[in-house]
Amino acid sequence: RLFAEGFIEWVADKETGRGVWKPTKTGIAVHSSGLPPDVCRDIVGDLEKAQKAFVLDSDLHLIYLCVPLNEDTRVDWQRLAAMLKRMDATGSSISEKVGVNMGLLNSMAQGTAIKRQKLGNGGGLNESTSGLAGQHRIITRFWTALILQEVIDETPWKDIEAKFGASLDRGSVESMQDRASRFAGMLATFCAKIGWHKLELLIKEFQRRVLHGVRPEMMDLMEVGVKPHVARLLFDAGLKTPEMLADSTAQHVESILLRIYRDVSFDERPEMRTILQNHAKGIVGRARRTVKDKRNRLIAEASELGRNEQNW
């Protein structure tokens, strides 16, 4: 089976005629990444298609790739069908590229029983397409990708809940983020080993964003170890990088964090003032350590580069 899946190949010695089984580049990539071998054909298919026609106008295509194939989030079929009808040209293009089956989706939304096992993207029969389970999996991943897109866009929770239904809870979404982040890490390793370096860089960046649930401009602040909503407050107040935080004062950061504690009466609960002050001091202290560590790494790298040039 490893040979059939393209993970190993028989390499013969031209002089002796003897040969050995050796891993292919794909086999090495699968082994290094930790991806499940039984689904690698589908994963490779997704990535190869993305290489040829990747949609950069939206994060949605990249998010879809990083949703695990075994994602089991419950789909609200009627909501999804309605979303796709209202979706802009970019979103519709992505849904087509990843293979969302509108025939199956509309049937499920209408509560129609699906009796045939093979459907084409238009809803007709097509013996060359995946079975019903495969089509269902694509739609589940697309639904999950839509949810995660709202998360990394920092959409307020009440708006996410209104869009996807009250049955969606924060714990479930956090689990989605964790699964997508871990799967993205595997995909990044796979792409690195197989030589798809542009895709590797895109996936690595997404891995960090989906774990924290923030926009790209927030990623520097996340190095300090703050919560996303705290990072957003700091960013909007002008403290946009660890360096800017490190140059600030605990008193200034405290004045920004007051928004989090706006419903607290410090007169009635004076201990909360101490908590706020410690929170601000902790952020500034971590920022300074982060900046110091960065500088030390740069110095070490420069020293190593200098030694290498001398040896050369």
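Everything numeric here is computed off the predicted structure, so don't read it as measured data.
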**Message:** Can you confirm whether more than 12 heavy atoms, excluding those of Q78, are under 6.0 Å from its CD atom?
**Reply:** no
**Item:** Side-chain touch I28/F7, heavy atoms, less than 4.5 angstrom
**Value:** no
**Prompt:** Looking at CG of L187 and SG of C66, how far apart are the two atoms once the value is rounded to the nearest 0.5 Å?
**Reply:** 5.5 Å
**Atom NZ of K294 with >12 non-hydrogen neighbours under 6.0 angstrom** = yes
**Asked** Between the main-chain N or O of C191 and the side-chain N or O of E200, is there a donor-acceptor pair closer than 3.5 Å?
**Response** no
**Item:** Heavy-atom side-chain proximity of V151 to Q177 below 4.5 angstrom
**Value:** yes
**Message:** Assess the residue pair I138 and N101 against the criterion (side-chain contact (heavy atoms from CB on, under 4.5 Å)); give the C-alpha distance rounded to whole Å, side-chain angles, the decisive distance to 0.1 Å, and a yes or no.
**Reply:** CA-CA 8 Å; I138 290 171; N101 188 310; over 6 Å; no
**Student check: side-chain heavy atoms of V226 and R286 closer than 4.5 Å** = yes
**Asked** Does the distance from a Lys or Arg side-chain N to an Asp or Glu carboxylate O, for R273 and E254, drop under 4.0 Å?
**Response** yes
**Asked** Ignoring hydrogens and geometry, is there a side-chain-to-backbone donor-acceptor pair from S303 to I299 under 3.5 Å?
**Response** yes
**Message:** Under a 4.0 Å threshold between the charged nitrogen and the carboxylate oxygen, would R137 count as salt-bridged to E71?
**Reply:** no
**Item:** side chain to side chain donor-acceptor pair (under 3.5 Å) contacts in which one or both residues fall within residues 85-95, not counting sequence neighbours
**Value:** none
**Message:** I'd like to know if L298 and V224 are part of one continuous hydrophobic network [Ile/Leu/Val/Met/Phe/Trp/Tyr, side-chain heavy atoms within less than 4.5 Å].
**Reply:** no
**Asked** Looking at residues at least two apart in the chain, or sitting in another chain, which of them share a side-chain hydrogen bond (donor to acceptor under 3.5 Å, both in side chains) with S32?
**Response** none
**Message:** Holding to side-chain contact (heavy atoms from CB on, under 4.5 Å), I want the full list of residues that pass it with H279, two or more places apart in sequence or in another chain.
**Reply:** V230, L257, Y261, I283
**Prompt:** What pairs of residues pass the salt bridge (charged side-chain N to carboxylate O under 4.0 Å, His left out) test when at least one of them lies in residues 228-240, not counting sequence neighbours?
**Reply:** E154-R232, E217-R232, R232-D236
**Asked** If Ile, Leu, Val, Met, Phe, Trp and Tyr residues are connected whenever their side-chain heavy atoms lie under 4.5 Å apart, and connections chain through other members, are M102 and I94 in the same group?
**Response** yes
**Minimum side-chain heavy-atom gap W143-R79 below 4.5 Å** = yes
**Message:** For a 4.5 angstrom cut-off between non-hydrogen side-chain atoms, does I43 reach F190?
**Reply:** no
**Message:** Taking the side chain as everything from C-beta on, heavy atoms only, tell me whether I147 gets closer than 4.5 Å to V173.
**Reply:** yes
**Request:** Sequence neighbours left out, what pairs pass ring pair (Phe, Tyr, Trp, His ring centres under 6.0 Å) with at least one residue falling in residues 62-83?
**Result:** W77-H136
**Message:** If you compare all heavy atoms of V253 against all heavy atoms of S248, which two are closest, and at what distance to 0.1 Å?
**Reply:** CG2-OG, 4.1 Å
**Request:** Taking side-chain contact (heavy atoms from CB on, under 4.5 Å) as the test, write out the residues that go with R182, two or more places apart.
**Result:** D178, R179
**Prompt:** Less than 4.5 Å apart, any side-chain heavy atom of P228 and any of M222?
**Reply:** yes
**Request:** Please name all residues satisfying side-chain contact (heavy atoms from CB on, under 4.5 Å) with S255, sequence neighbours left out, ordered by chain then number.
**Result:** H252
**Request:** Let me see the working for I152 and R215 under side-chain contact (heavy atoms from CB on, under 4.5 Å), right down to the final yes or no.
**Result:** CA-CA 6 Å; I152 66 173; R215 294 178 181 173; over 6 Å; no
**V20 reachable from I8 in the ILVMFWY side-chain graph, under 4.5 Å edges** = no
**Asked** Hey, any chance V291 and L239 share a hydrophobic cluster, counting ILVMFWY side chains that come within less than 4.5 Å of each other, even indirectly?
**Response** no
**Prompt:** Checking side-chain contact (heavy atoms from CB on, under 4.5 Å) for the pair E48/W196: CA distance, chi angles, key distance, verdict?
**Reply:** CA-CA 10 Å; E48 286 179 338; W196 296 340; 3.6 Å; yes
**Message:** Assess whether a salt bridge exists between E301 and R297, defined as any Lys/Arg side-chain N lying under 4.0 Å from an Asp/Glu carboxylate O.
**Reply:** no
**Message:** I need the L65 CG to D46 CG distance, nearest 0.5 Å.
**Reply:** 6.0 Å
**Request:** Could you list all the salt bridge (charged side-chain N to carboxylate O under 4.0 Å, His left out) pairs where at least one residue sits in residues 49-70, not counting sequence neighbours?
**Result:** D59-R209
**Request:** Enter the distance from S58:OG to H61:NE2 here, rounded to the nearest 0.5 Å.
**Result:** 10.0 Å
Using residues 156-166 as the side-chain source, report each donor-acceptor pair under 3.5 Å to any protein atom, sequence neighbours left out, with the distance given to one decimal.
residue : atom : partner : partner atom : Å
K163    : NZ   : E150    : OE2          : 2.7

**Item:** All pairs passing ring pair (Phe, Tyr, Trp, His ring centres under 6.0 Å) where residues 205-236 contributes a residue, at least two apart
**Value:** none
**Complete:** With sequence neighbours left out, the residues meeting side-chain contact (heavy atoms from CB on, under 4.5 Å) with R208 are E205, M219, E223
**Request:** Mind running side-chain contact (heavy atoms from CB on, under 4.5 Å) on V67 and F183 for me, showing each step along the way?
**Result:** CA-CA 7 Å; V67 175; F183 189 65; over 6 Å; no
**Message:** Quick check on E271: does its CD atom have over 12 non-hydrogen neighbours (other residues, nucleotides or ligands) under 6.0 Å away?
**Reply:** yes
**Item:** Value rounded to 0.5 Å, distance of CZ in F266 from OG1 in T274
**Value:** 10.0 Å
**Pairs touching residues 10-53 that satisfy ring pair (Phe, Tyr, Trp, His ring centres under 6.0 Å), sequence neighbours left out** = F3-W21, W10-W21
**Asked** With distance as the sole test, does T144 use its side chain to make a donor-acceptor pair with the main-chain N or O of T140 at under 3.5 Å?
**Response** yes
**Message:** Rounded at 0.5 Å granularity, tell me how far CD in Q149 sits from CD1 in I63.
**Reply:** 5.0 Å
**Prompt:** Can you tell me how far the OG1 atom of T290 sits from the CG atom of L221, to the nearest 0.5 Å?
**Reply:** 10.5 Å
**Message:** Any non-hydrogen side-chain atom of T241 less than 4.5 Å from a side-chain atom of M244?
**Reply:** yes
**Asked** Do L201 and V210 share a hydrophobic cluster (ILVMFWY, side-chain heavy atoms under 4.5 Å, transitive)?
**Response** no
